[in-house]
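Here is how names work: the chains are called A, B, and so on, in the same order as the sequence lines, proteins then strands, and each is numbered from 1.
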There are 4 protein chains.
Amino acid sequence: MIKKRLGREESQQLTRDKLFDTATELMIRKGFHAASVNVIAEEAGFSKGAFFSNFASKSDLLLQLTQRFKRVEIDRLSTTLTSGYSSEQLSHGLNAYIDTLKNNTRCAILDAELQLIALRDEEFSQHYYDLHEENSEALGKLITIIFNHAGKKPPLEHAALAKTFTALAEGLILQGHEDPAIEIKLVLNSLIQTAEPL
Amino acid sequence: MIKKRLGREESQQLTRDKLFDTATELMIRKGFHAASVNVIAEEAGFSKGAFFSNFASKSDLLLQLTQRFKRVEIDRLSTTLTSGYSSEQLSHGLNAYIDTLKNNTRCAILDAELQLIALRDEEFSQHYYDLHEENSEALGKLITIIFNHAGKKPPLEHAALAKTFTALAEGLILQGHEDPAIEIKLVLNSLIQTAEPL
Amino acid sequence: MIKKRLGREESQQLTRDKLFDTATELMIRKGFHAASVNVIAEEAGFSKGAFFSNFASKSDLLLQLTQRFKRVEIDRLSTTLTSGYSSEQLSHGLNAYIDTLKNNTRCAILDAELQLIALRDEEFSQHYYDLHEENSEALGKLITIIFNHAGKKPPLEHAALAKTFTALAEGLILQGHEDPAIEIKLVLNSLIQTAEPL
Amino acid sequence: MIKKRLGREESQQLTRDKLFDTATELMIRKGFHAASVNVIAEEAGFSKGAFFSNFASKSDLLLQLTQRFKRVEIDRLSTTLTSGYSSEQLSHGLNAYIDTLKNNTRCAILDAELQLIALRDEEFSQHYYDLHEENSEALGKLITIIFNHAGKKPPLEHAALAKTFTALAEGLILQGHEDPAIEIKLVLNSLIQTAEPL
DNA sequence: AATGAATGAGCGTTCATTCAT
DNA sequence: AATGAATGAACGCTCATTCAT
């Protein structure tokens, strides 16, 4: 095994990644305001200076953090959609997706935090909603496949459909609900049953 | 026209109310952290000192603000439930309730803010969830009446039922949705249709 | 027994006395700065307003408090000196005085507090030192009587003599010594032994 | 002449020293409460932030300041004791010590300030008394040497002996006495004369 | 005479950010 | 690229004091 020597760029990417992860963790645990630059840097094992070598400002971190957070979800959904799975497999996949991703307290809290910031900060708003829309579109397509698989036409367009389920999942978690899977499935099945046939 | 002379108590109650209102407004517009004592007091037309003559601390304000906010909703629901309305009237009342109260961006944002604080602050958590549970119980009873009016048995117990619809309303608003009424009614009707008969 | 009805003046004197006592107590326990007007008033059972009805300001209280504190000691010493006691009785009286008064942690702390303020505040300084000088003069006369009783001439004039013993008593208490009586008597006896005969 | 370039550490040490000196000066001139962080920093030529880059809190400064203040005295005494001076030289040294150090108004005031804080703050108390005891022990040894040099046994153990003279010096200065040397020497000589022979 | 709501200066402290090293 | 001392604005909060009641 060859000891890998990191180049400057790789090394910095490592620093940046560690800062991202720590910042995400702290934003979830304490919120954006309480997650101070100093604490983020130190908990990541660096100094304040390293933070500002990697991010122009704290709000720059927020932008990039959001980008990364949403991109991960979008990529996961896109992969599922473009892979050659049958609609049945996708349907099962969605159930898993609902069970795992949306049943993820940490993601829900972070998303709520970001949404509150978006509602108050116009500049951030644009950034967030673009990504959120893309995410919702992808998730909506996936949910639509389930409806279709049951021979039904979903009652809402892609994004609206996805947002409904996201609202359900995240809204329940915010209320302290540990696992919103039951409610989500209840609503999903009910909507499928009452939906118009294809 | 009689010149109203305010007593000391009345006068202070006025100050307190103004501070409450301003604080609520600012918590919605800027969030708990950004709504600093200084800004709250000044925007209410008082000095910082006046704030601390009326509230023991900023977190005391948060507690009382939450109490007041939730109590208003609980009282509104209780009044509706205990008044002699027929279940049909109640059913229409709920629809109105959904249209108005839950379609209230400001309330949704404030509630989300409080929920995020509750998730991170153990002491506040107890306070919030007690009130939230009471609120959910009352709302759940109201929603149950609609199901019964349609000859159906709701698929969840009171609190869980209410939380599902609250999640839907607040979750959608957090995503930037201006009016979640369509989705709420869609899900409500769907759940009623697919519910077991009484 | 006739129920005493207090006139306005008597009633106010009562309030003032209670404020004095409480202020003294708090100045000892917490120091002048930490003994806030609010706490003094409340602990005395009154409102802030009552404080300012009786004292022009907090530093006015300090002045009057000092006056009262020093006056009590001066009066006690004067009474002892002018009463018809024999020098032997006075000598025993001083020993008792040393044992009780100067062995009084509370008085020592309060005096040290006042001395520090006097060293820093010119206006207060004048007030304090006048009283202190009077006190020292009286105490010095008493100590001189002991020396004379032993057939000796004290090695310092009245005030300087008294200040030496006050320094000893208060300085030891400030260092945490609970009972400086041993050291005081040691020094007193030693000085008497080595003093010139009358 | 070589242009001195200060490293980061040296530079910070300079800042810290300036803050220490200014803080000491202000604590003497105005007392602990009145010597606010803001004033200390500004008078030292820095911003408030610089203070908190160098001290964790104001009470941390107090701890370190006390440490430094007492340590200087202890070191001076220790050096005198461990150097090869004859007891006669030491005896003269003590006289000088009494003349200079204890005849130091500033030190006396600072020590009194610290003692009052120690009497009221349990946490600080431990810190102060440990250092004070060490200091008293060293001073006591020195004073004992004088007694021995005169062929006498001191009437008190080391610490108690030292505290007696410290009380005398500081207590007199607190009373406004500018130079307590006369009283100190009077008491010292008197105690030596009346002490038991070795 | 006594109350206590309101004031506004000041407190100790935190924070994002800068910059010399 | 990374460090961390220094900055200065802002924070939550306390205080002596005022004044309408």
Side-chain angles (χ1 to χ4, degrees), chain A residues 8-9 11-12 14-16 33-42 46-59 61, chain B residues 5-16 33-41 45-61, chain C residues 8-9 11-12 14-16 33-42 46-59 61, chain D residues 5-16 33-41 45-61:
Chain A
R8 255 180 262 176
E9 280 177 29
S11 167
Q12 188 176 12
L14 232 59
T15 302
R16 185 187 296 266
H33 281 102
S36 73
V37 168
N38 196 17
V39 170
I40 291 171
E42 269 177 19
F46 298 97
S47 68
K48 266 179 289 194
F51 182 97
F52 286 98
S53 290
N54 281 280
F55 305 101
S57 65
K58 198 187 173 189
S59 43
L61 162 74
Chain B
R5 267 232 178 249
L6 296 179
R8 256 174 304 176
E9 280 179 28
E10 291 164 293
S11 168
Q12 187 180 19
Q13 192 56 49
L14 234 58
T15 303
R16 183 188 296 269
H33 280 101
S36 72
V37 169
N38 200 12
V39 170
I40 292 172
F46 297 96
S47 67
K48 252 188 292 194
F51 181 97
F52 288 100
S53 288
N54 282 280
F55 304 101
S57 63
K58 198 189 174 188
S59 45
D60 176 44
L61 163 73
Chain C
R8 256 180 262 175
E9 280 176 28
S11 167
Q12 189 176 11
L14 233 58
T15 302
R16 184 187 297 268
H33 281 102
S36 73
V37 168
N38 195 18
V39 171
I40 292 172
E42 270 177 19
F46 298 96
S47 68
K48 266 178 291 193
F51 181 98
F52 285 99
S53 290
N54 281 280
F55 305 102
S57 64
K58 197 187 173 188
S59 43
L61 162 74
Chain D
R5 267 235 177 246
L6 296 178
R8 256 174 305 176
E9 278 179 28
E10 291 164 292
S11 168
Q12 186 181 17
Q13 192 56 48
L14 234 60
T15 303
R16 183 189 296 267
H33 280 101
S36 73
V37 169
N38 199 11
V39 171
I40 292 172
F46 296 96
S47 67
K48 254 187 292 193
F51 181 96
F52 287 99
S53 288
N54 282 279
F55 304 101
S57 63
K58 198 189 173 188
S59 45
D60 176 44
L61 163 74

field: Protein proximity profile, nucleotides 2-8 of chain F - base contact B, sugar-phosphate-only contact S, no contact -, cut-off 4.0 Å on heavy atoms
entry: BBBSBBB

- line: B:His33 atom NE2 is separated from E:dT13 atom C1', nearest whole Å, by 15 Å

query: Sequence neighbours excluded, which residues qualify as side chain to side chain contact (heavy atoms under 4.5 Å, CB included) partners of A:Ser36?
result: A:Asn38, A:Val39

First of D:Lys58 and A:Lys58 reached from the 5' end of DNA chain E, by closest nucleotide: D:Lys58

query: In what stems does DNA chain E take part, counting only runs of at least 3 consecutive Watson-Crick or G-U pairs whose two distances fall under 3.5 Å?
result: E:2-21 with F:2-21

With D:Ser47 via side chain to side chain donor-acceptor pair (under 3.5 Å) - residues at least two apart: none

statement: Nearest heavy-atom contact between C:Gln12 and C:Ser53 is NE2-O, 3.8 Å

- request: Could you state the atom-to-atom distance from CG of B:Leu61 to P of F:dC13 in whole Å?
  value: 10 Å

message: Can you measure C:Leu14 atom CG to E:dA1 atom P for me and round it to whole angstrom units?
response: 15 Å

message: Between C1' on F:dA16 and CD on C:Glu42, what's the gap in Å once rounded to a whole number?
response: 14 Å

query: Among all residues two or more places apart in sequence or in another chain, which pass the side chain to side chain donor-acceptor pair (under 3.5 Å) test with B:Asp60?
result: B:Gln64

- prompt: What residues form a ring pair (Phe, Tyr, Trp, His ring centres under 6.0 Å) with B:Phe46, not counting sequence neighbours?
  reply: none

field: Euclidean distance, atom CD1 of residue B:Ile40 to atom P of F:dG12 [Å, nearest integer]
entry: 8 Å

query: Nearest heavy-atom pair of A:His33 and A:Lys58: which atoms, and what distance?
result: O-NZ, 3.7 Å

- prompt: Under 4.0 Å between a side-chain N or O of B:Ser36 and OP1 or OP2 of F:dC11?
  reply: yes

query: What pairs with C:Ser59 under side chain to side chain donor-acceptor pair (under 3.5 Å), at least two apart in sequence or on another chain?
result: C:Ser57

query: Partners of B:Gln13 by side chain to side chain donor-acceptor pair (under 3.5 Å), sequence neighbours excluded?
result: B:Asp17

C:Asn38 CG to E:dT7 C1', straight-line distance once rounded to whole Å: 15 Å

Residue list, ring pair (Phe, Tyr, Trp, His ring centres under 6.0 Å) with C:Phe52, at least two apart or on another chain: none

